[in-house]
There are 2 protein chains.
Amino acid sequence: MDKLSLKNQLCFKLYALSRHITSLYRPILEELDLTYPQYLVLLVLWEKNRISVKELGHHLMLDSGTLTPLLKRMESKDLIHRQRSMLDERVVEVSLKEGGTALKQKALCIPEHFTQSVTIDAQELKQFAATLSRLMDQIPE
Amino acid sequence: MDKLSLKNQLCFKLYALSRHITSLYRPILEELDLTYPQYLVLLVLWEKNRISVKELGHHLMLDSGTLTPLLKRMESKDLIHRQRSMLDERVVEVSLKEGGTALKQKALCIPEHFTQSVTIDAQELKQFAATLSRLMDQIPE
DNA sequence: AAAATTTAAATTGCACACAATTTAATTTAC
DNA sequence: GTAAATTAAATTGTGTGCAATTTAAATTTT
């Protein structure tokens, strides 16, 4: 087996599949005027209304270089609020605004869209998700 | 189960794992002065020395908007050659230059790096790769 | 064969990712 | 208690991704 063959590269398949599934989200999220990373930020905020940029970055595995401009765009769309913590001026806390809260109702149907578009045995998908979680858990920090 | 919980989102796990594994490649590829997508281009060219931008894009699932500037950067590093086809002036053909050919030797050891860094049952990984391939095959076009 | 259509790259513009550096605030050491 | 070290965001700069448009060449229609 040729290890340098594109077809044999697990990493390439992950990379391509990830981009493909993101592209399936795109038209749905476009109706909400959201990008996929912006949607991820909202997923976190819907669970925990107030969170620091650092914590958010920990959840999404993104740094401030990515998050700062992304959050500014979301702020300008009135989805979220950014404010320096009064206890620690270094920290910026992100919280939902009405716009961001309201989108949750519209987003509820999104996960359903994909159970349809994927033709795969439920048991196999479950096993796949389990391995994916196991691999994720090995990611340091 | 909360379907809008980040932890339950298969897509997020794919997205995060894909970026993480790419980040494992980064220090190795940096020694070769390559980015991950540039490495993918070389993987294709090492298998098929001469290929059009369109075909290359088909293999990597990337369009000319991504590939044109990427290939220009690779050309400026003397890794590849870009040339209009004489049979069809619309087509640009990409081929290896000495620099790109020479890197293959240095790249041979790269796949080994990762079998080590992943602690997972070989059978489970095999199953995972199989499902990944099945999902990939469902990608249209 | 000329006009209309299609095709392949390139271009433009926007939004991530991420390394590296900078800035400002807080802790820790001494 | 101040200097040094650490920390959290922001900034800077480069390289993707991708939608949308443009350009130029080839093909199809009429």
Side-chain angles (χ1 to χ4, degrees), chain A residues 12 15-27 29-41 51-58 60-77 79-80 82-94 141, chain B residues 12 15-41 51-77 79-80 82-94 141:
Chain A
F12 170 68
Y15 159 83
L17 185 61
S18 171
R19 282 189 298 120
H20 176 66
I21 296 191
T22 305
S23 81
L24 296 178
Y25 272 86
R26 198 166 294 116
L29 292 177
E30 198 163 354
E31 290 176 36
L32 310 184
D33 190 28
L34 289 175
T35 65
Y36 184 67
Q38 289 171 15
Y39 170 65
L40 293 179
V41 168
I51 194 172
S52 70
V53 171
K54 179 190 159 74
E55 283 178 283
L56 187 59
H58 182 73
L60 304 180
M61 305 192 203
L62 293 169
D63 68 8
S64 68
T66 301
L67 286 174
T68 297
L70 189 158
L71 295 172
K72 282 182 178 173
R73 281 187 286 273
M74 292 181 77
E75 187 179 36
S76 75
K77 287 193 280 192
L79 299 175
I80 61 166
R82 290 163 67 247
Q83 188 172 21
R84 289 275 165 189
S85 164
M86 290 201 281
L87 284 80
D88 186 338
E89 286 278 343
R90 290 171 304 182
V91 173
V92 167
E93 303 206 306
V94 182
E141 232 343 55
Chain B
F12 170 68
Y15 159 81
L17 185 62
S18 171
R19 283 190 297 122
H20 176 66
I21 296 189
T22 305
S23 80
L24 295 178
Y25 272 86
R26 198 166 294 116
I28 307 168
L29 292 177
E30 198 162 355
E31 291 176 34
L32 310 184
D33 190 28
L34 290 176
T35 64
Y36 183 67
Q38 289 169 14
Y39 170 65
L40 293 179
V41 168
I51 193 171
S52 69
V53 171
K54 178 191 161 75
E55 282 178 283
L56 187 58
H58 182 73
H59 284 292
L60 302 181
M61 306 193 202
L62 293 170
D63 69 6
S64 67
T66 300
L67 285 175
T68 297
L70 189 158
L71 294 172
K72 282 182 178 173
R73 282 187 285 272
M74 292 182 76
E75 187 178 37
S76 75
K77 287 194 281 194
L79 298 175
I80 60 166
R82 290 162 67 248
Q83 187 171 22
R84 289 274 165 193
S85 164
M86 289 201 283
L87 285 79
D88 185 338
E89 285 279 342
R90 292 171 304 181
V91 172
V92 167
E93 303 206 305
V94 182
E141 232 344 57

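Throughout, protein chains are lettered first and strands after them, A, B, ... in sequence-line order, and every chain is numbered starting at 1. Just so you know, these numbers use all the heavy atoms, side chains as well, and skip hydrogens, waters and symmetry mates.
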Subject >> side-chain hydrogen bond (donor to acceptor under 3.5 Å, both in side chains) involving A:Asp88 - partner list, sequence neighbours excluded >> reply: A:Arg90
**OP:** May I ask you to verify if any side-chain N or O of A:Lys72 is less than 4.0 angstrom from the OP1 or OP2 atom of C:dC16?
**Re:** no
Original post:
Is it true that a side-chain atom of A:Ser18 and a backbone atom of A:Tyr15 form a donor plus acceptor pair closer than 3.5 Å?
Top reply: no
Original post:
Can you check whether A:Arg82 has a side-chain N or O nearer than 4.0 Å to OP1 or OP2 of D:dA10?
Top reply: yes
Original post:
Between D:dA8 atom C1' and A:Ile51 atom CD1, what is the distance in whole Å?
Top reply: 14 Å
**OP:** Sequence neighbours left out, what passes salt bridge (charged side-chain N to carboxylate O under 4.0 Å, His left out) with A:Glu75? Give chain and number order.
**Re:** A:Arg82
**OP:** Would you kindly compare A:Asp88 and B:Val91 by the position of their nearest DNA chain C nucleotide and give the one closer to the 5′ end?
**Re:** B:Val91
**OP:** Starting at atom CD of B:Glu75, determine the distance to atom C1' of C:dA10, rounded to an integer number of angstrom.
**Re:** 14 Å
**OP:** Could you state the atom-to-atom distance from CE of A:Met86 to C1' of C:dT26 in whole Å?
**Re:** 17 Å
Subject >> With sequence neighbours excluded, residues passing side chain to side chain contact (heavy atoms under 4.5 Å, CB included) with B:Glu89 >> reply: B:Arg84
**OP:** Using atom CG of A:Leu56 as one end and atom P of C:dA17 as the other, report the distance to the nearest whole Å.
**Re:** 13 Å
Original post:
Roughly, in whole Å, what's the span from CD in B:Glu93 to P in C:dA10?
Top reply: 12 Å
Original post:
Hey, does B:Leu62 have a side-chain heavy atom less than 4.5 Å from the side chain of B:Leu40?
Top reply: no
Original post:
Listed by chain and number, what are the salt bridge (charged side-chain N to carboxylate O under 4.0 Å, His left out) partners of A:Asp63, not counting sequence neighbours?
Top reply: none
Subject >> By ring-ring contact (aromatic ring centres under 6.0 Å, His included) - contacts of B:Tyr39 (at least two apart) >> reply: B:Tyr25
Subject >> nucleotides 16-24 of chain D: protein proximity per nucleotide (B base, S sugar-phosphate only, - neither; heavy atom, under 4.0 Å) >> reply: SBBB-----
Original post:
Expressed in angstrom and rounded to an integer, what is the separation of A:Tyr39 atom OH from C:dA15 atom C1'?
Top reply: 19 Å
Original post:
How many Å lie between CG on B:Leu67 and P on C:dA10, as a whole number?
Top reply: 9 Å
Original post:
Tell me: CZ of A:Arg84 to C1' of C:dT23, nearest whole Å?
Top reply: 10 Å
